[in-house]
S.K.: 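Please read through the structure below; I'll follow up with questions.
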Amino acid sequence: MHPRNPYRVPIDFAALAVAYPPLAPYVVKSSEHSKIDFQNDAALRRLTEALLFRDFQVKLTIPDDRLCPPVPNRLNYVLWLEDIVSRTSLAADCAQPDVVGLDIGTGASAIYPLLGCRSNGHWRFIATDIDDTSIRVARSNIEENHLQDRISLVKADETRPIFSLLSSPELDQVTVDFTMCNPPFYESRDEVLRSAEAKVAGPNAVVKALSSHNVDNYAITEFVQGQTRRWAIAWSFTNIHLPECVRITRNRESDPEWDVVDQHYERHSGFHLKQKIGF
C-alpha cells in the first residue's frame, strides 16, 4: 500500500459497523477480532459504503450490476497522484488556483473524482464515460455529495478521440493538469475473475509499449495488499522531472517483473510529467 494509506492498519470492522450500521449484519465477531466474508458481494458493497461514509463523508450508491470499487486500493492511486502533483509543483504553476484532473472511464461510482476532491480541497475533475447507466448513476453520486461544482461529468463519444471532448464549448478554456485511467473495464465480476487468471505480464509490458513509442519519461510504482499486487505507471511528454524517490518505487527488491524496468532505466534517465495539456 501507499505509505500514507490509512488502511495499512487493519480495519476494525466492528467499530466501522458502529459508524455505518448497514455493515453490521455482515460482521462476524470472534474473541480476538471481527471480520467479514470477502467472498460475499453484498458484504463488500457495504464495506465500500462504510469506509467512504466514515472516512471521507461520501455517500455512494452502486447498482448491483456495476462493480464495487475497493476503497483502500483506489485510494492508493489518489495518494500517488498527490505525490506527483506535489513534487512537480503543478498547483503552483497553474494560472488557476485548482488542480484539474481528467478521469477517463469514471464508472458508476466516480470513485476517483470523489476521493480526489474529498482529499484535496483545491482539486477538480472532469469525469468521462461512454455508458449511459454509469453516467446516470455517477451524476447521482456526485450530486448526492454536493460536488457538482467541482466534478464535471461528460458523456464521451467512443467513436471520437479520447481528448476531443476537451474542445467542447464547456471545456475549451480548461487547462488539464493530469489525466488518469484505470483500465481494463469490465461489465461483470466474472470478467474480473477471468482477467485476473489471465494476467501474466507485469509492469514490463507497459514499459516495452512506451519504449516502442519512444516514450522514455515515465514513473512506476507498485501497490501490494495481501496477495494482491498492482502497478501504476505515469508518463509525460514535457521536461518536468520527478525525483528518484517518486520516479520508481517498489515493495519487493527482487522480482523478475522489474527486470525490464531496471534495464530500461539503465539506458535512460529522468522522468517528465505532463504538466499541462492545452486544448
Side-chain angles (χ1 to χ4, degrees), residues 1-24 26-29 33-62 66-86 101 103 105-120 123 125 127 138 141 145 147 180-186 189 192-193 195-196 199 202-203 219-234 246 249-252:
M1 282 193 176
H2 189 282
R4 294 198 309 280
N5 195 317
Y7 305 115
R8 291 169 66 92
V9 177
I11 298 169
D12 184 335
F13 296 109
L16 182 59
V18 172
Y20 189 75
L23 178 65
Y26 302 96
V27 175
V28 178
K29 299 180 181 179
H33 55 78
S34 59
K35 61 183 180 179
I36 68 169
D37 180 3
F38 282 91
Q39 301 303 313
N40 185 319
D41 185 66
L44 294 181
R45 289 175 182 273
R46 300 297 85 75
L47 175 60
T48 287
E49 295 167 0
L51 293 175
L52 289 173
F53 179 81
R54 184 192 67 177
D55 299 337
F56 299 94
Q57 296 75 55
V58 166
K59 297 179 181 179
L60 192 71
T61 299
I62 305 178
R66 289 297 186 272
L67 294 176
C68 182
V71 176
N73 168 266
R74 298 303 189 263
L75 184 59
N76 279 328
Y77 297 99
V78 173
L79 293 171
W80 192 52
L81 271 172
E82 288 178 4
D83 294 341
I84 294 174
V85 169
S86 174
D103 181 24
T106 197
S109 67
I111 187 68
Y112 290 116
L114 290 174
L115 282 176
C117 286
R118 277 288 191 257
S119 302
N120 301 274
W123 280 25
F125 273 87
N141 283 322
N145 291 284
L147 287 170
M180 65 179 299
C181 185
N182 188 17
F185 305 108
Y186 305 104
R189 185 186 178 98
V192 175
L193 296 176
S195 174
K199 281 182 179 175
I220 183 168
T221 192
E222 180 185 50
F223 304 121
V224 177
Q225 182 178 359
Q227 299 301 312
T228 302
R229 179 166 45 148
R230 290 184 172 87
W231 300 275
I233 297 181
V246 177
T249 57
R250 70 189 71 185
N251 285 279
R252 303 173 185 179

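Numbers for residues simply follow the sequence, beginning at 1. Worth knowing before you read on, the calculation uses all heavy atoms, side chains too, and leaves out hydrogens, waters and symmetry mates.
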S.K.: Could you list the residues that satisfy salt bridge (charged side-chain N to carboxylate O under 4.0 Å, His left out) with Arg118, not counting sequence neighbours?
M.R.: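 Checked Arg118 against salt bridge (charged side-chain N to carboxylate O under 4.0 Å, His left out); zero matches.
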S.K.: Please determine whether side-chain contact (heavy atoms from CB on, under 4.5 Å) holds for the pair Arg46 and Ile36, giving the CA-CA distance in whole Å, both sets of side-chain angles, and the decisive distance to 0.1 Å.
M.R.: CA-CA 10 Å; Arg46 300 297 85 75; Ile36 68 169; over 6 Å; no
S.K.: Between Leu115 and Phe56, does a side-chain contact (heavy atoms from CB on, under 4.5 Å) hold up when you go through it step by step?
M.R.: CA-CA 7 Å; Leu115 282 176; Phe56 299 94; 3.9 Å; yes
S.K.: Work out which heavy atom in Pro72 is nearest to a heavy atom in Asn5; give both atom names and the distance.
M.R.: O-ND2, 3.0 Å
S.K.: Under the rule for ring-ring contact (aromatic ring centres under 6.0 Å, His included), what residues qualify as partners of Phe125, not counting sequence neighbours?
M.R.: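 Here the qualifying residues are Phe178.
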S.K.: For the residue pair Val78 and Gly116, what are the closest heavy atoms and their distance?
M.R.: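 Heavy atoms only, the tightest pair is CG1-CA, 4.1 Å.
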S.K.: Quick one: side chain to side chain contact (heavy atoms under 4.5 Å, CB included) partners of Asp55, sequence neighbours excluded?
M.R.: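 For Asp55, the residues satisfying side chain to side chain contact (heavy atoms under 4.5 Å, CB included) (neighbours in sequence not counted) are Tyr7, Leu51.
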S.K.: Let me confirm one number: the CG-CD1 distance from Asn141 to Ile62, rounded to the nearest 0.5 Å.
M.R.: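 Asn141 CG to Ile62 CD1: 7.0 Å, rounded to 0.5 Å.
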S.K.: Restricting to non-hydrogen atoms, name the atom on Met1 and the atom on Arg8 that form the minimum distance, rounded to 0.1 Å.
M.R.: O-NH1, 3.0 Å
S.K.: As an exercise, state the distance from OH of Tyr112 to CE of Met180, rounded to the nearest 0.5 Å.
M.R.: 5.0 Å
S.K.: Nearest 0.5 Å please: distance from the CG atom of Asn40 over to the CZ atom of Arg45.
M.R.: 11.0 Å
S.K.: Looking at residues at least two apart in the chain, or sitting in another chain, which of them share a side chain to side chain contact (heavy atoms under 4.5 Å, CB included) with Pro70?
M.R.: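 Per chain and number, Pro70 pairs via side chain to side chain contact (heavy atoms under 4.5 Å, CB included) with Asn73, Arg74.
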S.K.: Would Leu23 and Phe53 count as a side-chain contact (heavy atoms from CB on, under 4.5 Å) here? Give the steps.
M.R.: CA-CA 11 Å; Leu23 178 65; Phe53 179 81; over 6 Å; no
S.K.: The test is side-chain contact (heavy atoms from CB on, under 4.5 Å); show your working for Thr48 and Cys68 and say whether it passes.
M.R.: CA-CA 7 Å; Thr48 287; Cys68 182; 3.3 Å; yes
S.K.: Is any side-chain heavy atom of Thr221 closer than 4.5 Å to a side-chain heavy atom of His2?
M.R.: no
S.K.: Show every donor-acceptor pair shorter than 3.5 Å between a side-chain atom in residues 12-22 and any protein atom, with sequence neighbours excluded, or say none if there are none.
M.R.:
from: Asp12; atom 1: OD1; to: Ala14; atom 2: N; distance (Å): 3.2
from: Asp12; atom 1: OD1; to: Ala15; atom 2: N; distance (Å): 3.1
from: Tyr20; atom 1: OH; to: Glu49; atom 2: OE1; distance (Å): 2.8

S.K.: Return the orientation label for the Phe223 and Trp80 ring planes: parallel under 30°, perpendicular over 60°, tilted otherwise.
M.R.: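 Perpendicular, since the angle between the ring planes exceeds 60°.
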S.K.: How many angstroms lie between atom CG of Leu60 and atom CG of Asn145, to the nearest 0.5 angstrom?
M.R.: 7.5 Å
S.K.: Give the minimum heavy-atom separation between Leu114 and Ser109, together with the two atoms involved.
M.R.: CD1-O, 3.2 Å
S.K.: Using 0.5 Å steps for rounding, measure from the OG1 atom of Thr106 to the CG atom of Asn182.
M.R.: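 Separation between the atoms: 10.5 Å.
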S.K.: Taking Asp37 for the side chain and Ala43 for the main chain, is one N or O donor matched with an acceptor at less than 3.5 Å?
M.R.: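 Not at all, since once roles are kept as given, no pair shorter than 3.5 Å links the two residues.
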S.K.: Could I get the full list of ring-ring contact (aromatic ring centres under 6.0 Å, His included) partners for Tyr26, not counting sequence neighbours?
M.R.: none
S.K.: May I ask you to test the Thr61-Lys59 pair for a side-chain heavy-atom distance under 4.5 Å?
M.R.: no
